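The structure presented is a predicted model; accordingly, all values stated were derived computationally and were not measured. Naming: A, B, ... by sequence-line order, numbering from 1 per chain. Computed from heavy atoms alone, side chains included, the values below leave out hydrogens, waters and symmetry copies.
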Protein chains: 4
Amino acid sequence: MIIVTKHGVTQDELDHIRERVESLGLRTHVSQGEHRTVIGCVGDETRLEGVSLLSIPGVDTVHPVMRPYKLASLDFAAEPTRIPLGGVQVGGEEIVVIAGPCSVEGRDMLEATAKAAKAAGAHALRGGAFKPRTSPYSFRGLGEEGLEILKDVRAVTGLPIVTEVMDTRQVDLVASYADMLQIGARNMQNYNLLTEVGRLRRPVLLKRGMSATVEDLLLAAEYVMSQGNPNVILCERGIRTFGTATRNTFDLAAIPVLKRETHLPVIADPSHAGGRRDLVAPLSYAAIAAGADGLIVEVHPEPETATSDGDQSLDFEEFEALMASLGTFAAAAGRTLNG
Amino acid sequence: MIIVTKHGVTQDELDHIRERVESLGLRTHVSQGEHRTVIGCVGDETRLEGVSLLSIPGVDTVHPVMRPYKLASLDFAAEPTRIPLGGVQVGGEEIVVIAGPCSVEGRDMLEATAKAAKAAGAHALRGGAFKPRTSPYSFRGLGEEGLEILKDVRAVTGLPIVTEVMDTRQVDLVASYADMLQIGARNMQNYNLLTEVGRLRRPVLLKRGMSATVEDLLLAAEYVMSQGNPNVILCERGIRTFGTATRNTFDLAAIPVLKRETHLPVIADPSHAGGRRDLVAPLSYAAIAAGADGLIVEVHPEPETATSDGDQSLDFEEFEALMASLGTFAAAAGRTLNG
Amino acid sequence: MIIVTKHGVTQDELDHIRERVESLGLRTHVSQGEHRTVIGCVGDETRLEGVSLLSIPGVDTVHPVMRPYKLASLDFAAEPTRIPLGGVQVGGEEIVVIAGPCSVEGRDMLEATAKAAKAAGAHALRGGAFKPRTSPYSFRGLGEEGLEILKDVRAVTGLPIVTEVMDTRQVDLVASYADMLQIGARNMQNYNLLTEVGRLRRPVLLKRGMSATVEDLLLAAEYVMSQGNPNVILCERGIRTFGTATRNTFDLAAIPVLKRETHLPVIADPSHAGGRRDLVAPLSYAAIAAGADGLIVEVHPEPETATSDGDQSLDFEEFEALMASLGTFAAAAGRTLNG
Amino acid sequence: MIIVTKHGVTQDELDHIRERVESLGLRTHVSQGEHRTVIGCVGDETRLEGVSLLSIPGVDTVHPVMRPYKLASLDFAAEPTRIPLGGVQVGGEEIVVIAGPCSVEGRDMLEATAKAAKAAGAHALRGGAFKPRTSPYSFRGLGEEGLEILKDVRAVTGLPIVTEVMDTRQVDLVASYADMLQIGARNMQNYNLLTEVGRLRRPVLLKRGMSATVEDLLLAAEYVMSQGNPNVILCERGIRTFGTATRNTFDLAAIPVLKRETHLPVIADPSHAGGRRDLVAPLSYAAIAAGADGLIVEVHPEPETATSDGDQSLDFEEFEALMASLGTFAAAAGRTLNG
């Protein structure tokens, strides 16, 4: 941590700042500039986490030197983390595609979707049993019945299941069905939920919050990892900006930025990012081109009748076309798809 | 709902759009413009909630006519809602001030703060026992011990308690101590938590999420209200924008906008909005001038040693000065303070 | 400037970084932390302006110590700057109100507006002769004819004139009519225009750009001042965020932040910030409460027929009511209005 | 335009709204819903441009039916526009790459860069003679001398020149040198400048403003086109959001969105979007994958000594590597590169 003091800081104030920092177990190092005095804090910067340095008289600004996350940091692991999902590894050479409806609406529609997704080359099945909805009057999912349907369809198709958990009380229940637990964007900073999924070893798909910085996302992953669960997959799904042409603003650059900051796999959700069917393919191509390890894509037998997110869901034919064209982009990026 | 169709829409597409809308129980009304055909949907618009109208071939854009919230809407209640908190009513003539530390750090500091706050004219005591923290390595609150301390200090000072609940599993516990339950910004769209506090009748202080629109905030209130709990207080606490001079961007205009949309009380949190001690006073004055019903302000015996949010906490003297100057702004706004 | 080096930086890289900084005339000061090495750069930080420090091998992050503006900084002037406008001083004890239509539409409407504004207590008349419009098909102002009308109306009412200049070629023309030159939000970073108005001594009303940070705004003021014109008034008029309830998001906190950074006067534009007539009054009260030195308000004889910005213009009665109620807020803030 | 009236609108208000709309030459069409009355306005919607419909008593919200741009709209031109630049066509099958330094710093560096760029496969040379800079103390370009150098280097290498024009007074001068005129992000809404470049037939590279929506960008293009110049190339270069990991937030989805709205070519600027050398390649790949027609990339002989934007400039080797790997992405997208 570097502390820049105010113009005209007094010696007493300087002494007090140093005392305060040293009382927390760090050493200080004063550098006298022409206009400003700077105090370097040497030692374990996490001890300054949450400390109100700006409240100390004479302090002007404070600049952290270290990243606030550790386990998620690239410094922590020499090799990229690979997380098994069915027969494939997320973060490996192969691009992993998770496909399925926004909500599990019934057994038939899910089985049909899973079969079509598998036939087109998808590696896993998504589908929400518990659904976060902006309006209390919208359909909120089939709940445990939806989980049962997911399990049945896994038995039929062999596709592993990715499904959302929204409530600390449901973690064990959902984990007893799911191969991968999804934490939705609105829960990315639900710290108790992160802590609960951190107790398990089940892989966690962590979606970026709408107003989360890249650092916030990595700190959310750190929550899960600090409880002992190293199996976190990060997902860029768009952020909220002034833009109105798309549902969210797909922060594509976050993909290569994350790849330079963390060893965790990074996938993209082109469905939520754009919010429009016609954007799913170009956003998917771009994500792979930028280095994403995979995609999570909404697919529905008949998007216009979907109970949720139909406007951004592909039908079977569109999904097949997407998968057919994705391979050349994967190859251009030095990856494989259904290798 | 108004559906604008694409340039060159066919009669078959028009028929199909009308069929789809009518099958959901609404009537349709077609208006042929020079360039575009518009279909008005007459009836209960909530039946179209979550329906994927944009997925229907021929549809270009869709414009809702009704507000998506009802119970929270000004149409629903003729009179402003007044919510009792100790001896005062939030939403009444008097400006209500809730003050206290970010976190309950111990009995002595809380009692000292409560006494100072009360002496300066505060109406209620805030203090976190369960703390949402961006980093897993930060102090996360004293938990139930913190709740006990809050209860003890209420017994001593008579100040009602406002404290945060973060987890569906803690709702009954926190409600057994608190006079008002706070839902934090990061949980504003934690729908299960909203549902749980909606089962109670205990007043709920609902803080606006960092990327929540005014409509999102009202829909979150609607979640609580639709479960049967009408006692919701809305809190503007700043949103996330490109600005870097303040911790968040205080969306002051949201206060009068909310007042024109809802009958619920609206308060402001100048501490989180600005993130700087020196901004607490001007933001407080402005909030009252713009029509806020109250304030929630962070106060700490010694801000520079606070375990959290010290940079934005007032010390006792500063809080006393704030309260001393607030009265004239309240009067200018046609309100009273400790009247 | 403080340079934080990468984990594993080599001695050669460190030497090269120091050489590069020293070749620009600054001294360096190396501080060896446990995990990172930090290089302090001592001397005139403006010499590093625009230098690509992040491109030097081994550099991780760079933190400026000094503010990038000087003349606009509070360090530069001990006293608040006061700028005369007619018989009043912007930045003095009195709250200054500039009122008038968005566009000069004709002589009669302008004279009527000016008389009504003056009667209600306004200090100056605004009105656009050259109008920036988002669409090329909108009315773009009367041009020089509009300036003539402004001059005539000044002769009749005695109100000084504030009008916008959009083009470097028009600076001398507009300055020959206007008492204060307005630089619009879309031109806040039109550097050649800033340079041209900097050549004059005519006061400049500089509106904050929609995506300008507080620092960007002060750097724009610095452009004008560095040419020799010290008479700059800053104007907060809302920024662009994800919010949709208002035309822009009024960044109220920017007012007290600016007051702590600069000696220049700061006013607010409640009309553009909210974009709604019914928000003009609460935003005006709040701006004054937060320490603004004045307001610029759109007033029109018949807002619904205005050629531009009618939705946010007050009619005469509404403006009179605003002025009647503003005085108590000014007094609460320790200021006067038509004192 | 569709006008939704307020709950409880009176017959007199309805009559007045209709009269007002009809007086502007449109027909009205009233639709009585259960809760709201809706008035459809049939006819030339541009006549309502800038009309203050929300100011009319009884009006609640207003929804445009038509796009506000015409010449730039896909409806206007059946075929994609192709704009010649040297021997290639922007908007044709081939991906067009414009490369060069941020600023023209001298003859030698420019010639070296141009030769390296050409050898690697670039189609045109960029380089600023007039530079917009946030700080008045930064290097602002060589001016006309820079234009002379660009001309000389074109003579040597044959690469056409793309350079920025910042001031209405410089349009003819810059146009006498440049093959393509660049309008920078900060001038995207400098309407007089757009009008001036619209008088010419020289191709215009229009960069998206930092807070411009896709619609704003198309309206800026409409300004140029409505003056008679159809040769506009749009450029996505990142927008301003809360994100801090990159200089701007690259709005990748704007590329396919624009392709569905306009016939104009769309290119990307990966240098400004990311602001980091190591992001130029992944952002370039992604832009091509998403359907961009080309790239504009900053290249410098020695980025760490660049007078501007060195942190985001590639050196010759890096640019060569980028071009070498770009071809496979172009092929995957069904395009060619130096085909």
Measure distances from C:V214 to the heavy atoms of chain B and classify the residue's part below 4.5 Å as side chain, backbone, both or neither.
side chain
Let me know if C:T213 has heavy atoms under 4.5 Å from chain B in its side chain, its backbone, both or neither.
both
From CA spacing to verdict: side-chain hydrogen bond (donor to acceptor under 3.5 Å, both in side chains), B:T249, B:T241
CA-CA 6 Å; B:T249 297; B:T241 73; 2.6 Å; yes
Would you mind checking which part of B:R240 comes under 4.5 Å of any heavy atom in chain C, side chain (CB onward), backbone (N, CA, C, O), both or neither?
backbone
Using a cut-off of under 4.5 Å on heavy-atom pairs, state which of [options] scores highest against chain C.
| options | result |
| --- | --- |
| B:D216, B:L283, B:I255, B:T244 | B:L283 |
| B:P270, B:A212, B:G327 | B:A212 |
| B:F242, B:Y285, B:F250 | B:F242 |
| B:G274, B:G243, B:S211, B:A253 | B:S211 |

If the test is side chain to side chain contact (heavy atoms under 4.5 Å, CB included), which one of C:T262, C:I267, C:L205, C:D293 qualifies with C:L234?
C:T262
Once rounded to the nearest 0.5 Å, what's the spacing between atom CD1 of C:I98 and atom CZ of C:R126?
9.0 Å
Got a second to check how far C:Y69's OH is from C:M225's CE, nearest 0.5 Å?
12.0 Å
Would C:R67 and C:E215 pass as an ion pair if we require N to O under 4.0 Å?
no
How about B:V297 and B:M323: do any of their side-chain heavy atoms sit closer than 4.5 Å?
no
